[in-house]
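Heads up, the thing below is written out as structure tokens.
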Amino acid sequence: MSAPRVVPVRPDFSAGDVEEILGAIRTSLETGQLAQGEQVAAFERETAAATGARHAVATGTGTGALVCGLRALAARGGGEVLVPANSFYSSAAAPLLAGLRTRLVDVEPDTLAPSVRTLREAVTPSTVGVLTVHLGGLISPELPEVAAWCAERGLWLYEDCAHAHGSRLDGRHAGRFGVAGAFSYFATKVITAAEGGMVVTDDDELAAAVRLHRNLGKPEEWRSHHTVLGENARMSELHAAVGRVQLRRLDEFLAVRGRLARQYTAGLAHIPGLTPVLPRHTAASWYKYVVLLDPGTDRAALRAALAEAGVRLGGEIYEKPLDAQPVFESLLPPGRHPVAEDLCARHICLPLHTRMTKEDIGLVLSALPDALKAATG
């Protein structure tokens with residue numbers, strides 16, 4: 001099989017970006033300031049300004065951002081965290097790694113996220129918080145109501161914003177609806193630092209605690225005096241240099257992704273057998289363009305047929321619910337999450353990145369009808 005003409009992910013660095021990044025890295029190498037320096041501090045300031053948060057605390061990974069934030073919250077009281085059943089491994093693992101317990105909750109089919117209704121069905125007397133996830137960059141329009149419900153019950157709300165760089169609901173950036181939000185800068189994300197994470201919050205004590213937990217529990221960055229059981233979750237200067245350049249281009253990336261997504265939406269209106277899951281807010285990150293397949297469609301056959309036509313689909317979000325992962329068999333309480341199970345089983349993510357052209361979108365749209373026929377044969 002020949003190489004696909006359309007691939008799902010491709011990081012975007014201009015020649016100018018590369019030169020700027022190499023210059024910053026050269027400075028770090030020449031000065032020896034490879035960690036805990038000005039690049040990280042500047043990335044934190046710029047992220048705080050971009051999201052409207054009082055604090056932004058950089059970490060080595062997106063998972064590290066979740067874990068460090070949850071360890072800070074766990075210090076305020078242990079218990080159970082409600083997590084959507086259709087998320088990535090880290091969403092369920094992070095509470096466990098932070099010394100909390102994870103209980104999965106079902107979601108709504110039009111938002112891919114928990115609602116007040118599904119949270120009410122899952123909450124227990126042991127619940128201390130909710131970890132919501134903005135899958136594909138979608139912010140549920142019910143999120144303000146979820147935040148109010150959490151506040152009424154004395155629960156904290158923590159947002160997993162790994163997919164939601166630049167996503168806003170009613171002018172408020174993802175990560176700004178609860179006590180904190182955690183971002184990821186992995187290589188596939190809307191903006192990348194190759195690896196990295198960030199916690200944004202207005203809570204002074206929480207920000208200070210995250211800084212402690214990311215740096216081995218040391219109040220002073222370079223002194224080996226440890227006051228909490230922290231870990232090494234620091235971001236390097238080299239990664240921060242990449243992330244800063246990407247953050248500066250975020251609005252440009254969002255504009256391109258939005259334009260390509262609108263082309264998809266217009267074209268898919270004429271193709272039976274699938275239903276896009278669309279954001280009801282702007283801006284949206286369009287990290288993924290999620291499409292629900294009609295029941296009975298063989299997703300593996302569809303993937304294969306599209307690959308033959310030169311189109312490689314992106315990874316699902318996610319292929320199976322979290323309680324189907326072997327690692328969680330003995331770690332999560334039993335439960336059924338029929339909506340999440342259905343969503344995981346019958347969605348695809350169409351290729352979408354800023355290096356794509358309208359001709360690439362056209363190829364995907366033209367390949368879909370025959371691929372769907374092959375998958376429903």
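Below, all heavy atoms of this structure are taken into account, side chains as well, without hydrogens, waters or symmetry copies.
The environment of CG in L229 is sparse: at most 12 heavy-atom neighbours from other residues, nucleotides or ligands sit within 6.0 Å. Within a 6.0 Å radius of CD in E121, more than 12 heavy atoms belonging to other residues, nucleotides or ligands are found. Atom CD of E252 sits in a crowded spot, with more than 12 heavy atoms from other residues, nucleotides or ligands closer than 6.0 Å.
The shortest side-chain heavy-atom distance between T192 and F186 does not fall under the 4.5 Å cut-off. Side-chain contact between Y318 and N86: absent, with no pair of heavy atoms (C-beta onward) separated by less than 4.5 Å. In this structure, L206 and R76 have side chains that are in contact, with non-hydrogen atoms separated by less than 4.5 Å. Side-chain contact check for L119 versus V146: some heavy-atom pair is nearer than 4.5 Å. Within the 4.5 Å cutoff, side-chain heavy atoms of R355 are placed close to those of D12. By the 4.5 Å heavy-atom criterion applied to side chains, E44 and Q39 are not counted as neighbours. Looking at heavy atoms from C-beta onward, T59 lies out of side-chain contact with R234 at the 4.5 angstrom threshold. Put simply, the side chain of E108 reaches to within 4.5 Å of the side chain of T111, judged on heavy atoms.
Under a 3.5 Å cut-off, the side chain of K288 and the backbone N or O of G315 do form a donor-acceptor pair. The backbone N or O of G136 sits nowhere less than 3.5 Å from a side-chain atom of Y289 that would complete a donor-acceptor pair. Judged by distance alone, the side chain of Q33 and the main-chain N or O of A35 form a donor-acceptor pair under 3.5 Å. With T31 contributing its side chain and T27 its backbone, the two residues share a donor-acceptor pair below 3.5 Å. A donor-acceptor pair is defined here as one N or O able to donate and one able to accept, closer than 3.5 Å; such a pair exists between the side chain of H347 and the backbone of L343. Under a 3.5 Å cut-off, the side chain of T127 and the backbone N or O of V123 do not form any donor-acceptor pair. Side chain of T102 to backbone of P95: no donor-acceptor contact under 3.5 angstrom is found. Using a distance-only test at 3.5 Å, with no hydrogens or angles considered, no donor-acceptor pair links the side chain of N215 to the main chain of G217. For R211 (side chain) and A58 (main-chain N/O), no donor-acceptor pair under 3.5 Å exists by modelled atom type. The closest donor-acceptor contact from the side chain of H226 to the backbone of L216 lies under 3.5 Å.
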Walk me through it: do E80 and T124 pass the test side chain to side chain donor-acceptor pair (under 3.5 Å)? CA-CA 8 Å; E80 197 171 68; T124 75; 2.7 Å; yes
Y89/F328 under ring pair (Phe, Tyr, Trp, His ring centres under 6.0 Å): CA gap, chis, key distance, verdict: CA-CA 9 Å; Y89 160 84; F328 294 127; 5.7 Å; yes
Evaluate the side chain to side chain contact (heavy atoms under 4.5 Å, CB included) criterion for residues V291 and L350: first the C-alpha distance (whole Å), next the side-chain angles of each, then the deciding distance (0.1 Å), finally the verdict. CA-CA 7 Å; V291 175; L350 300 181; 4.0 Å; yes
Give the C-alpha distance, both sets of side-chain angles, the deciding distance and a yes or no for side chain to side chain donor-acceptor pair (under 3.5 Å) between H281 and D170. CA-CA 7 Å; H281 58 86; D170 297 329; over 6 Å; no
Walk me through it: do V179 and D203 pass the test side chain to side chain contact (heavy atoms under 4.5 Å, CB included)? CA-CA 7 Å; V179 65; D203 187 317; 4.0 Å; yes
Take V83 and V105, measure what side chain to side chain contact (heavy atoms under 4.5 Å, CB included) needs, and give me the verdict at the end. CA-CA 6 Å; V83 175; V105 57; 5.7 Å; no
Test log, rule side chain to side chain contact (heavy atoms under 4.5 Å, CB included), inputs I25 and S28: CA-CA 5 Å; I25 290 175; S28 291; 5.5 Å; no
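One distance of note links OG of S90 with CG of D160; it measures 8.0 Å at 0.5 Å rounding. Here the OG1-CG distance, from T61 to L66, works out to 8.5 Å after rounding to the nearest 0.5 Å. Distance check, rounded to the nearest 0.5 Å: CZ of F13 to CZ of R249 gives 9.0 Å. A distance of 9.0 Å separates SG in C150 from CH2 in W156, rounded to the nearest 0.5 Å. One distance of note links CD of E159 with CD1 of I139; it measures 7.5 Å at 0.5 Å rounding. Residue E195 holds its CD atom at 7.0 Å from OG of S184, rounded to the nearest 0.5 Å.
Tested against Y287, the residues H134, H163, H165 include a single ring pair (Phe, Tyr, Trp, His ring centres under 6.0 Å) partner, H163.
A centroid separation of 6.0 Å or more is found between the aromatic rings of F177 and Y158.
Ionic pairing of R346 and D294 is not present here: no N-O contact between side-chain nitrogen and carboxylate oxygen is shorter than 4.0 angstrom. Checked for salt-bridge contact, R214 and E231 miss the test: no charged N lies under 4.0 Å from a carboxylate O. R299 has a carboxylate O that lies under 4.0 Å from a charged side-chain N of E316, or vice versa, which qualifies the two as a salt bridge.
Closest approach of S236 and V40 over heavy atoms only: O-CG2, 3.7 Å. Residue P272 comes nearest to L372 through the heavy atom pair O-CD1, 3.6 Å, listed as atom of the first residue, atom of the second, then distance. Across R176 and D202, no two heavy atoms sit closer than the pair NH2-OD2, 2.9 Å. Of all heavy-atom pairs between L82 and A122, the closest is CD2-O, 4.0 Å. Here the closest heavy-atom approach between residue F183 and residue A174 is recorded as CZ-O, 3.3 Å. The nearest pair of heavy atoms linking D106 to V339 is OD2-N, 3.1 Å.
The hydrophobic clustering, which links ILVMFWY residues whose side-chain heavy atoms are closer than 4.5 Å, places L169 and V116 together. At a threshold of 4.5 Å between side-chain heavy atoms, the hydrophobic network of Ile, Leu, Val, Met, Phe, Trp and Tyr places W149 and V128 in two separate groups. The hydrophobic cluster containing W286 does not contain V190, counting ILVMFWY residues as joined when their side-chain heavy atoms lie under 4.5 angstrom apart, directly or transitively. Following chains of ILVMFWY side-chain contacts shorter than 4.5 Å, one can reach L293 starting from V311, so the two form part of one hydrophobic cluster. In the hydrophobic clustering of this structure, V7 does not group with V9; members are Ile, Leu, Val, Met, Phe, Trp, Tyr whose side-chain heavy atoms approach within less than 4.5 Å, directly or through other members.
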